[in-house]
K.L.:
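Okay, here's the structure, questions in a sec.
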Amino acid sequence: MHTPPDTPNRSPRRELHRRRMRMTLWIGAALLIVLGLGWAAFFSSRGAWAIVAMDLVMLAVGITIAVLTHFKRTRVAFFLLVISMFIVICGVSLLLDVPSAQAPRSTHNFLLVLAIAGLVFLRDDSPAMRYSVTGIICTGFVVLASWPAGIDMGYTLPDGMRVWGTWVNNFFSALGIYALVHVMVADLAEHSAMEVALRKGLMRGEFFLTYQPQVTSEGHVTGAEALLRWRHPKLGLVPPDEFIPLAEQSGLILPLGAWVLGTACSQLVEWSAKPGMDRLTLAVNVSVRQFRQADFVQQVQSVIERTGVQPRRLKLELTESSLVHDIDDIIAKMAQLRALGVGFSLDDFGTGYSSLNYLKRLPLDQLKIDQSFIRDILTDSNDAAIARMVIGLGDSLHFAVIAEGVETLGQQQFLMQNGCHLFQGYLFSRPVPAEAFEAYVLAAAPASAQELLDSGVR
Ligand code: C2E
Ligand code: MG
Ligand code: MG
């Protein structure tokens with residue numbers, strides 16, 4: 001399918017991460033297969049059948065990881081690799097590499113390589129996941145390095161062989177650590193270079209807004225969501241999923257978010273002077289850090305005064321994850337902004353942990369069903385049930401409900417049959433520059449006053 005110029009490329013950083021992960025999985029699978037076959041051949045010649053059976057399991061796991069990697073099930077493959085490597089390294093350390101006065105144990109060094117690999121490859125996971133996986137592996141390392149325990153069931157390799165093994169193990173584990181630390185340092189350097197580029201981009205005006213229509217069942221346009229884009233001079237279009245988290249971490253989201261709000265309001269004012277466009281609403285994404293600022297309400301108020309925008313046409317989108325801390329402060333800010341006329345939509349609804357009790361207290365106008373539930377709504381009965389639940393919840397709490405990420409007519413029809421009459425997604429339009437959005441509205445016709453009321457405008 002043709003991708004319009006304002007749709008970001010697949011993130012180069014994620015692409016690199018994915019490629020690295022797949023390469024590691026192939027190497028890990030090959031290692032398990034070669035080790036499994038090699039050890040099986042070696043121990044069958046010594047008649048150690050219990051070890052041979054374990055080696056065959058290792059071989060099977062290696063083949064499974066290769067198959068999973070081939071079918072792009074990288075996450076499952078990665079966890080299978082980490083678990084099996086952990087078991088193999090501990091097993092070899094305890095059964096084959098039992099330390100003696102002549103030859104110390106060295107196999108356990110690979111646990112350090114495994115722990116660093118966990119840090120590198122789980123970098124986008126939650127800290128709880130990263131640190132529990134790497135913590136367990138490091139504990140294994142400490143135990144095996146400090147305690148000369150071993151189970152001598154007659155499988156322990158002779159000292160002469162283990163002395164050579166020590167050289168080989170130490171060499172390869174040092175190499176592994178060196179390579180992974182190199183990757184980590186490169187990642188860090190790239191991270192800070194991106195941060196500098198982000199700062200410069202803001203000064204040089206490399207950011208712009210695109211607008212994605214929000215439409216009714218009749219195809220009338222109620223408004224748009226403003227979506228931020230960054231055109232980097234060398235990298236091209238960088239997707240928001242990549243630079244928004246970075247901007248959040250560095251605090252740059254504050255000037256960036258203020259720019260988005262100001263630009264979106266100026267755009268609304270421009271539209272309010274155009275026939276057919278004057279009643280459109282504009283949804284603006286607000287990040288957690290932005291909303292948490294003590295003077296956020298005053299900032300919005302001064303943008304409203306400066307641009308002369310009608311607050312009723314402005315809708316702020318908060319994500320469920322921004323509601324985790326200090327709910328009373330959030331509700332107070334929302335109430336003050338609502339008193340000015342500004343509306344609120346809860347983005348990515350269903351993906352966070354907000355309790356229904358909070359939902360009842362929040363002064364919202366709209367719930368947005370997250371696109372992850374819409375994607376498989378026709379084939380996955382759980383997704384369909386969640387979408388129905390959100391629609392029902394919206395009805396009972398008197399919030400409008402909009403579905404995002406609607407890509408097919410089938411999805412739209414299912415949603416309509418279940419009582420959702422507001423949509424946003426590629427089925428209607430991708431996020432486009434302001435002029436293209438204006439052309440879209442004029443071709444599709446703007447929504448009536450009643451349709452606007454139904455969409456959550458007060
Ligand atoms: P979001 O607010 O949930 O925005 C919806 C995302 O879904 C947008 O991605 C949009 O392009 C995409 N989308 C819309 N329709 C479809 C569809 O039919 N299929 C698929 N697959 N995707 C669809 P985008 O523009 O890449 O933005 C990603 C996220 O970045 C946004 O998610 C929002 O959380 C954040 N973001 C974007 N602009 C801003 C901003 O100005 N400020 C803040 N704080 N966050 C922003
Ligand atoms: Mg949004
Ligand atoms: Mg969303």
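Read the numbers this way: they start at 1 and go in the same order the structure lists the ligands and their atoms. Counting from 1, the numbers follow the sequence of the chain as shown.
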K.L.:
Does Gly405 have a non-hydrogen atom less than 4.0 Å from ligand 1?
P.N.:
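Heavy atoms of Gly405 do come under 4.0 Å of ligand 1.
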K.L.:
Going by atom type alone, with no hydrogens or angles, which donor-acceptor pairs under 3.5 Å involve a side-chain atom of residues 361-369 and a protein atom two or more places apart or on another chain?
P.N.:
residue : atom : partner : partner atom : Å
Arg361  : NH2  : Asp328  : OD1          : 2.6
Asp365  : OD1  : Arg338  : NH2          : 2.8
Asp365  : OD1  : Arg458  : NE           : 2.9
Asp365  : OD2  : Phe344  : N            : 2.7
Gln366  : OE1  : Lys315  : NZ           : 3.4
Gln366  : OE1  : Ser345  : OG           : 2.9
Gln366  : NE2  : Ser455  : O            : 3.2
Lys368  : NZ   : Glu225  : OE1          : 2.7
Lys368  : NZ   : Glu317  : OE1          : 3.4
Lys368  : NZ   : Glu317  : OE2          : 2.8
Lys368  : NZ   : Gln424  : OE1          : 3.0

K.L.:
Give the single entry among Gln371, Arg430, Glu404 that approaches atom 22 (N) of ligand 1 most closely by any heavy atom.
P.N.:
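It is Gln371 that holds the nearest heavy atom.
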K.L.:
So is Arg229 in contact with ligand 1, going by heavy-atom distances below 4.0 Å?
P.N.:
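Yes, Arg229 has heavy atoms under 4.0 Å from ligand 1.
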K.L.:
Contact between Arg75 and Asp125 at the side-chain level, heavy atoms closer than 4.5 Å - yes or no?
P.N.:
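They are in contact (side-chain heavy atoms under 4.5 Å apart), so the answer is yes.
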K.L.:
List every atom of ligand 1 that sits less than 4.0 Å from any heavy atom of Asp348, numbering the atoms from 1 in the order shown and giving each element.
P.N.:
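Selected atoms, number and element: 3 (O).
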K.L.:
Can you see whether His421 engages Glu451 through a side-chain donor-acceptor pair at a distance of less than 3.5 angstrom?
P.N.:
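No, because no side-chain N or O of His421 sits under 3.5 Å from a partner of the opposite role on Glu451.
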K.L.:
Can you tell me if Gly257 has a non-hydrogen atom under 4.0 Å from ligand 1?
P.N.:
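Gly257: no contact with ligand 1 (<4.0 Å).
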K.L.:
Any cation-pi pair here, Arg430 with Tyr426, using under 6.0 Å and within 45°?
P.N.:
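The answer is yes, since Arg430 meets both limits relative to Tyr426.
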K.L.:
Relative to atom 28 (C) of ligand 1, which among Thr210, Asp241, Thr263 owns the nearest non-hydrogen atom?
P.N.:
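Comparing heavy atoms across Thr210, Asp241, Thr263, the nearest one to atom 28 (C) of ligand 1 lies in Asp241.
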K.L.:
Is the closest basic N to carboxylate O distance between Asp329 and Lys333 below 4.0 Å?
P.N.:
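Answer for the salt bridge query: yes.
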K.L.:
Please work out which of the three classes, parallel, tilted or perpendicular, describes the rings of Phe207 and Trp230, given edges at 30° and 60°.
P.N.:
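Parallel.
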K.L.:
Just the protein N/O/S atoms under 2.8 Å from the Mg ion (ligand 3), please, no waters.
P.N.:
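Counting only protein N, O or S atoms under 2.8 Å from the Mg ion (ligand 3), the list reads Asp347 OD1, Asp348 OD1, Glu404 OE1, Glu404 OE2.
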